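Right, one structure below, let's go through it.
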Amino acid sequence: MPELPEVETVRRGLAPHLLGQRIDTIVVREPRLRWPIPESLSRRASGHSVVSLMRRGKYLIAALDSGDRLILHLGMSGRLLVVDLDTPVEKHDHVDFELASGTLIRFRDPRRFGALLLWPSGEETHPLLEGMGPEPFDAEFNGAYLFRRSRGRRVSIKSFIMNGRIVVGAGNIYATESLFRAGIRPRRAASRLSRAECDRLVSMVRKILEEAIDLGGTTLRDFAGAHGEAGYFQQELLVYGREGEGCAVCGTLIKRVLVNQRSSFYCPHCQC
DNA sequence: CTGTTAACCTGAGTGC
DNA sequence: TGCACTCAGGTTAACA
């Protein structure tokens, strides 16, 4: 479900409720996520306040006044919802954070590809965050960087920009849309992009992600922000999910191909 | 090292 | 209704 704009939308919705708040209780109903929720989580985190809520790629990181940090990932179907204490528990509501304010932060994740881990105080880094590429909005992520990193790489450019070691945040939807706007076919070898194309692609990735954040993310099926609200970027999608429709620019029929087992959409006329 | 594939898991949708 | 099948916004472990 959530790519960078969706995670950022959740972060912004959550922050006002979480910052400065003490976590009274953590209720874990189902610890079997992507990795098991650490048994020590509840003991270590309850009684402590949240001092910051950051995003790194598609991870959310909540720092506590103890120095411990909670790492959250929404996987494909995860949600973090702000609800009242008496809100009935639904089938896939795996974890509740009960705050001193009387608000509940509820983690729901039907497919359980998400994660909730502890990054203990004093540990410089966490294995999951180590080796991550730059944020797309960092100055480090620019045309020169993409050009340099892509030399000699035979993988498709789509897989390349979805690779979190190159740049974080672009998932299937936004990689697909960025490539359309940059005029590059998803299956082109990364090594065969010109420097000018790298410039264009970088600026399109940034632009798309920025616009998607402004519109509260993309809701195709079930993405929702912290208050259950849908995003609006799906209205801006020009190729994703539009196989067989006419291209918005030239009218040519949009094609669907598989790139590493993921659906990709492109216009055979606008993208080469 | 690079690149490809299967795997994790549930639910929604489709066709018979 | 039921069954079989496909697909879904992510990531990594295991392989060639």
Side-chain angles (χ1 to χ4, degrees), chain A residues 1-11 29-37 55-60 71-80 90-94 107-117 126-133 136 149-179 186-192 205 208-209 212-213 215-225 229-237 239-244 256-265:
Chain A
M1 168 180 18
E3 304 182 35
L4 184 150
E6 288 73 35
V7 177
E8 179 61 20
T9 297
V10 169
R11 190 193 70 77
R29 294 184 201 83
E30 173 56 86
R32 296 175 304 165
L33 302 183
R34 172 92 202 246
W35 298 280
I37 297 173
R55 179 190 55 72
R56 178 77 173 96
K58 299 169 192 168
Y59 291 96
L60 287 172
I71 298 181
L72 279 146
H73 196 287
L74 300 177
M76 288 282 257
S77 57
R79 287 192 193 190
L80 279 165
E90 293 186 33
K91 191 173 178 186
H92 300 289
D93 291 346
H94 305 317
F107 180 66
R108 173 181 302 169
D109 185 8
R111 292 178 73 179
R112 307 205 321 267
F113 289 171
L116 173 51
L117 296 167
H126 187 279
L128 280 180
L129 305 175
E130 217 170 4
M132 285 177 86
R149 294 295 306 266
S150 60
R151 294 310 88 185
R153 299 295 298 266
R154 305 155 76 94
V155 280
S156 67
I157 185 58
K158 178 163 177 262
S159 300
F160 195 68
I161 58 170
M162 287 176 70
N163 177 353
R165 309 187 78 82
I166 302 301
V167 62
V168 296
N172 204 34
I173 294 179
Y174 298 113
T176 297
E177 290 293 314
S178 302
L179 286 164
R187 290 208 278 208
R188 277 260 293 285
S191 60
R192 301 195 51 198
V205 168
I208 293 288
L209 294 177
I213 292 171
L215 292 180
T218 298
T219 299
L220 288 182
R221 276 163 285 275
D222 54 11
F223 167 72
E229 79 283 10
Y232 291 94
F233 192 79
Q234 62 278 13
Q235 297 168 6
E236 312 297 319
L237 299 177
V239 287
Y240 187 89
R242 295 193 182 278
E243 181 184 19
R256 182 176 88 100
V257 292
L258 287 181
V259 178
N260 284 9
Q261 284 108 262
R262 314 296 299 275
S263 282
S264 302
F265 305 85

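Protein chains get the first letters and strands the later ones, always in sequence-line order, with residue 1 at the start of each. Because the structure is a prediction, the values reported are computed rather than measured. For the numbers below, each heavy atom of this structure counts, side chains included, while hydrogens, waters and symmetry mates do not.
Counting any heavy atom pair closer than 4.0 Å across all strands shown, A:R262 reaches a base atom. Within the nucleic acid shown, A:F233 has no heavy atom closer than 4.0 Å to any nucleic acid atom.
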Handout entry: Canonical and wobble pairing (Watson-Crick, G-U, under 3.5 Å) of DNA chain C, dot-bracket with |
Key = .|||||||.|||||||

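Between the P atom of C:dG9 and the CD atom of A:E8 lies a distance of 21 Å, rounded to the nearest Å. One atom, CZ of A:R79, and another, C1' of C:dG10, lie 17 Å apart when rounded to the nearest Å. Straight-line distance from the CG atom of A:N163 to the P atom of B:dC1: 14 Å, rounded to whole Å. In this structure, the CE atom of A:M76 is 10 Å from the C1' atom of C:dT11, given to the nearest Å. When the P atom of C:dA8 is taken as reference, atom CG of A:N172 falls 8 Å away, rounded to whole Å. To the nearest angstrom, P of C:dG9 lies 16 Å from CG of A:L209.
When the P atom is used for both C:dT6 and B:dA6, the distance is 14 Å, rounded to whole Å.
In this structure, A:R79 and A:D222 approach most closely via the heavy-atom pair NH2-O, 2.9 Å.
Contact of the A:Y174 side chain with the A:I161 side chain is not registered, since no non-hydrogen atoms from C-beta on lie closer than 4.5 Å. At least one side-chain heavy atom of A:E90 sits less than 4.5 Å from a side-chain heavy atom of A:R108.
Side-chain N/O atoms of A:Y59 include none lying less than 4.0 angstrom from OP1 or OP2 on C:dG10.
A distance-only check finds no donor-acceptor pair linking the side chain of A:R256 to the backbone of A:S263 [under 3.5 Å].
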Exercise for the section: List the protein contact pattern of nucleotides 3-12 of chain B with one symbol per nucleotide (5' to 3'): B for base contact, S for sugar-phosphate-only contact, - for none; contact means a heavy-atom distance under 4.0 Å. Expected result: SSSB-BBBS-

